[in-house]
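Report on the following structure.
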Amino acid sequence: MVARRKVAVVGVALSDCGRVDDVTPYALHAQAARRALADAGLDRSLVDGFASAGLGALAPVEVAAYLGLRPTWVDSTSVGGSTWEVMAAHAADAVAAGHARAVLLAYGSTARADVRAGRRTGTLSFGSRGPAQFEVPYGHTLIAKYAMAARRHMIEYGTTIEQLAQVAVQARENAALNPEAMFRTPVTVDEVAAGPVIADPFTKLHCCVRSDGGAAVLLVAQEYVRDCRTRPVWVLGSGEAVSHAAMSEWPDFTVSPAAVSGRLAFARAGVRPSEIDLAELYDAFTYMTLVTLEDLGFCAKGEGGAFVGEGRLRVRGGALPVNTDGGGLSAQHPGMRGLFLLVEAVRQLRGECGERQVRRADGSLPRLAVASGTGGWFCSSGTVVLGAE
């Protein structure tokens, strides 16, 4: 029996992001992949595993071919925004078991440019087959599902719209420290409240931005770490879970599958939520951040509103810096954003984030981070705990 190897993230990168009108999604994949390999200081010939989703009819076959890769381990798991945390978990398991030596995760999307050029509409539809057929006739849109869940939390626990707005306000404060963020101008709770209503109770600033962009992450077995130019960030534990396909099957709108994936990830990593220095959480809407904080155990169920209302999410002065790059609410959101969470977590643990760099109380660099992605309408969750040396 082969001993399980430790697995490290040694390369991370973003492609050009934000407003990118003159390239294809394939080019964004390639740009991010090249940058991640350069970040690690490794040649692509080492890569024998590849994971991707969201592009082409045969992902990751088409993207691997475009990148000139011939992997012997592949993953095309597609579970929405949590795809990349789930893929990272699968990749880490494969490397640990000796099925691959280096796995590259890559993503790219021109979601914003496609709408601008008329290649697609701004409405995301999952079709009307299967379980969706019972909801689609009633005009139950994706954002309406998140809005209903948020309203349920408000009714059950007294969460206020001002507390939800604080998620957007603090994300923008963090984005102001990130030169790569799309939107950096500070906003107030009143400005969030004054925006146009998209789906009650969400106004425009409760919702993520639409951008173009790509990201890539390279994981390797421990014996290759010495050949890298970067400090390794170790994959300590991971968890994944799915919940429901239709809203009518969701037992409790105030509990996401992160309650399961987080519990598994922390247990497998051997750490507690109280030990985490920073969190990168999927935030297509403000409610996602709030409920994920609860479900990961950073506060009790129903206390998320008070938790975020105290300013805990800020890079500067926050007890638990969250979405330190500005998140999907302010930095960028080109579709399935989960890979960006991993990139930012690794950069923070390596101390590469400049003005937005998180520091512990004693001034040292953070040691532990968690990245947790959410897919569908809280249908799936993937959580990864990362640790620096």
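Atoms considered below: every heavy atom in the structure, side chains included; atoms not considered: hydrogens, waters and symmetry mates.
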(request) Evaluate the salt bridge (Lys or Arg N to Asp or Glu O under 4.0 Å) criterion for residues Lys6 and Glu223: first the C-alpha distance (whole Å), next the side-chain angles of each, then the deciding distance (0.1 Å), finally the verdict. (result) CA-CA 9 Å; Lys6 291 177 63 179; Glu223 58 263 37; over 6 Å; no
(request) Apply salt bridge (Lys or Arg N to Asp or Glu O under 4.0 Å) to Asp200 and Arg151, showing your working. (result) CA-CA 8 Å; Asp200 183 68; Arg151 182 61 74 184; 2.8 Å; yes
(message) More than 12 heavy atoms of other residues, nucleotides or ligands under 6.0 Å from CZ of Arg272: yes or no?
(response) no
(request) Report the C-alpha distance between Val370 and Val384 in whole Å, list the side-chain angles of each, state the deciding distance to 0.1 Å, and finish with yes or no for side-chain contact (heavy atoms from CB on, under 4.5 Å). (result) CA-CA 6 Å; Val370 63; Val384 179; over 6 Å; no
(message) Given Asp295, which partner from the list Ser261, Ser256, Ser372 fulfils the side chain to side chain donor-acceptor pair (under 3.5 Å) test?
(response) Ser256
(request) Determine whether more than 12 heavy atoms belonging to other residues, nucleotides or ligands lie under 6.0 Å from atom CZ of Arg184. (result) yes
(request) Walk me through it: do Tyr287 and His153 pass the test ring pair (Phe, Tyr, Trp, His ring centres under 6.0 Å)? (result) CA-CA 9 Å; Tyr287 176 61; His153 199 281; 5.6 Å; yes
(message) So, applying ring pair (Phe, Tyr, Trp, His ring centres under 6.0 Å) with His333, which one of Tyr282, Phe340, Phe183 is it?
(response) Tyr282
(message) Is the distance between the ring centroids of Trp84 and Tyr107 under 6.0 Å?
(response) yes
(request) Could you walk me through whether Arg337 and Asp325 pass salt bridge (Lys or Arg N to Asp or Glu O under 4.0 Å), step by step? (result) CA-CA 13 Å; Arg337 191 179 180 271; Asp325 62 346; 2.8 Å; yes
(message) Centroid separation under 6.0 Å, is that true for the rings of Tyr146 and Phe202?
(response) no
(message) Does Leu14 form a side-chain contact (heavy atoms from CB on, under 4.5 Å) with Gln332? I'd like the steps, not just the answer.
(response) CA-CA 11 Å; Leu14 302 183; Gln332 77 288 111; 4.3 Å; yes
(request) For Arg4 and Asp93, run salt bridge (Lys or Arg N to Asp or Glu O under 4.0 Å): C-alpha distance rounded to whole Å, both residues' side-chain angles, the deciding distance at 0.1 Å, then the answer. (result) CA-CA 9 Å; Arg4 288 181 66 83; Asp93 285 343; 3.5 Å; yes
